[in-house]
Structures are given as C-alpha cells and as structure tokens.
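Read the structure below first, then the notes.
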Amino acid sequence: MKKGMIKLSVLYPNVDDATFNMDYYCDHHLPLVRSLLGDHCKGVEVEKGLAGLPPPDTPAPYIVCGHLFFDSMADLHVSVNANLEQMVGDIPNFTNVQPVVQIAEVVM
C-alpha cells in the first residue's frame, strides 16, 4: 500500500485456549467486510502468526493480523461506523478471541 494511506489493523492475540477458524475468516468474514465497506476499502492483507522472538521457538503474539486500507480517515470512519455492528457480530463465528484494533498511517 502507498504512503499516506490509513491502515486499520485487527490483531487477534495468541492467548490460552484461543480458537481461530482461518477458512471461515478468509472465505466468509473478509468477503463480508469487503462487501460492507465497498469502494472505501482499497485493500486487505492477512498475516498468520508463526513465531515470536526471542528465543526462536517463542509462540507468535498474535494468531492472525488482518489489515484494511483506506485513502483517508474520513473514508474509514464513514464505512466502518456504518457497518461496525454487523462486522463485529460475525467475530464469534471464527474465533473466541477479543481482537485488538489499531489505526495507523502508512509511512513507507
């Protein structure tokens, strides 16, 4: 994504007894989110946590990190606020983890 874009990250902590259905997340949740956000959402990235450091065999701090990209904070707020209830309501269908959300500006 290009410099200046707004990035909404939804991070799912790797906590004890965490469950996460990656197939549902990728095949159902993200298409739902994309359809709700429409043209305001310029891109999506998903990362599956593999490990942390140090040492090398440390569990990843997050099971999954999902990222949505927008041209502006206004685009993010308009589209997310209008659809937040439906997006959040789908979370129990793929995980029992309470996500952490961060909004950032892409600088590189």
Side-chain angles (χ1 to χ4, degrees):
M1 291 298 135
K2 64 183 180 182
K3 182 177 180 177
M5 292 192 84
I6 302 302
K7 178 180 177 181
L8 172 66
S9 297
V10 183
L11 313 170
Y12 297 89
N14 191 2
V15 296
D16 290 340
D17 300 323
T19 61
F20 198 96
N21 183 329
M22 183 67 81
D23 289 335
Y24 183 94
Y25 182 72
C26 291
D27 296 340
H28 299 282
H29 182 70
L30 291 178
L32 168 68
V33 168
R34 289 296 303 258
S35 70
L36 292 171
L37 299 179
D39 292 339
H40 290 292
C41 183
K42 301 303 182 185
V44 175
E45 289 182 355
V46 176
E47 303 163 2
K48 179 180 178 183
L50 299 177
L53 286 174
D57 59 349
T58 300
Y62 298 101
I63 302 168
V64 171
C65 302
H67 309 285
L68 304 171
F69 296 88
F70 301 85
D71 283 333
S72 68
M73 286 292 285
D75 286 351
L76 181 150
H77 287 299
V78 165
S79 58
V80 170
N81 289 343
N83 299 289
L84 188 60
E85 187 174 315
Q86 192 170 356
M87 292 185 297
V88 170
D90 192 46
I91 291 173
N93 291 322
F94 61 89
T95 188
N96 64 346
V97 176
Q98 177 68 37
V100 175
V101 176
Q102 174 174 292
I103 299 171
E105 179 182 352
V106 175
V107 295
M108 267 185 83

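Since the model is a prediction, treat every value here as computed from it, not as a measurement. Here, residue 1 is the first one in the sequence, and each next residue gets the next number.
Distance check, rounded to the nearest 0.5 Å: OG of Ser9 to OH of Tyr62 gives 10.0 Å. In this structure, CG on Leu76 lies 13.0 Å from NZ on Lys7, to the nearest 0.5 angstrom.
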Please list every donor-acceptor pair under 3.5 Å in which a side-chain atom of residues 36-55 meets a protein atom from a residue at least two apart or in another chain.
| from | atom 1 | to | atom 2 | distance (Å) |
| --- | --- | --- | --- | --- |
| His40 | ND1 | Asp75 | OD1 | 3.4 |
| Lys42 | NZ | Asp39 | O | 2.9 |
| Glu47 | OE2 | His67 | NE2 | 3.2 |

With a cut-off of 3.5 Å and sequence neighbours excluded, list every side-chain donor-acceptor pair involving residues 20-27.
| from | atom 1 | to | atom 2 | distance (Å) |
| --- | --- | --- | --- | --- |
| Asn21 | OD1 | Asp23 | N | 3.1 |
| Asn21 | OD1 | Tyr24 | N | 2.9 |
| Tyr24 | OH | Asp90 | OD1 | 2.6 |
| Tyr24 | OH | Asn93 | ND2 | 3.3 |

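A 4.5 Å side-chain heavy-atom check between Val80 and Phe70 finds at least one atom pair inside the cut-off. Side-chain contact between Pro13 and Val100 is present, with heavy atoms from C-beta onward closer than 4.5 Å.
Put simply, the side chain of Asn14 never gets that close to the backbone of Ile63: no donor and acceptor are under 3.5 Å apart.
Residues Tyr12 and Val33 share a hydrophobic cluster, clusters being chains of Ile/Leu/Val/Met/Phe/Trp/Tyr side chains in contact below 4.5 Å. The cluster map of Ile, Leu, Val, Met, Phe, Trp and Tyr, joined by side-chain heavy atoms under 4.5 Å apart, puts Ile91 and Val101 in the same cluster. Hydrophobic clustering (side-chain heavy atoms under 4.5 Å, transitive across Ile, Leu, Val, Met, Phe, Trp, Tyr) groups Leu68 together with Ile103. Taken together through direct or relayed side-chain contacts under 4.5 Å among Ile, Leu, Val, Met, Phe, Trp and Tyr, Val97 and Phe94 form part of one hydrophobic cluster.
Pairs passing the side chain to side chain donor-acceptor pair (under 3.5 Å) check and including a residue from residues 95-108, sequence neighbours excluded, read Thr19-Asn96.
Closest of all the heavy-atom pairs between Ile6 and Ser72 is CG1-C, 3.6 Å.
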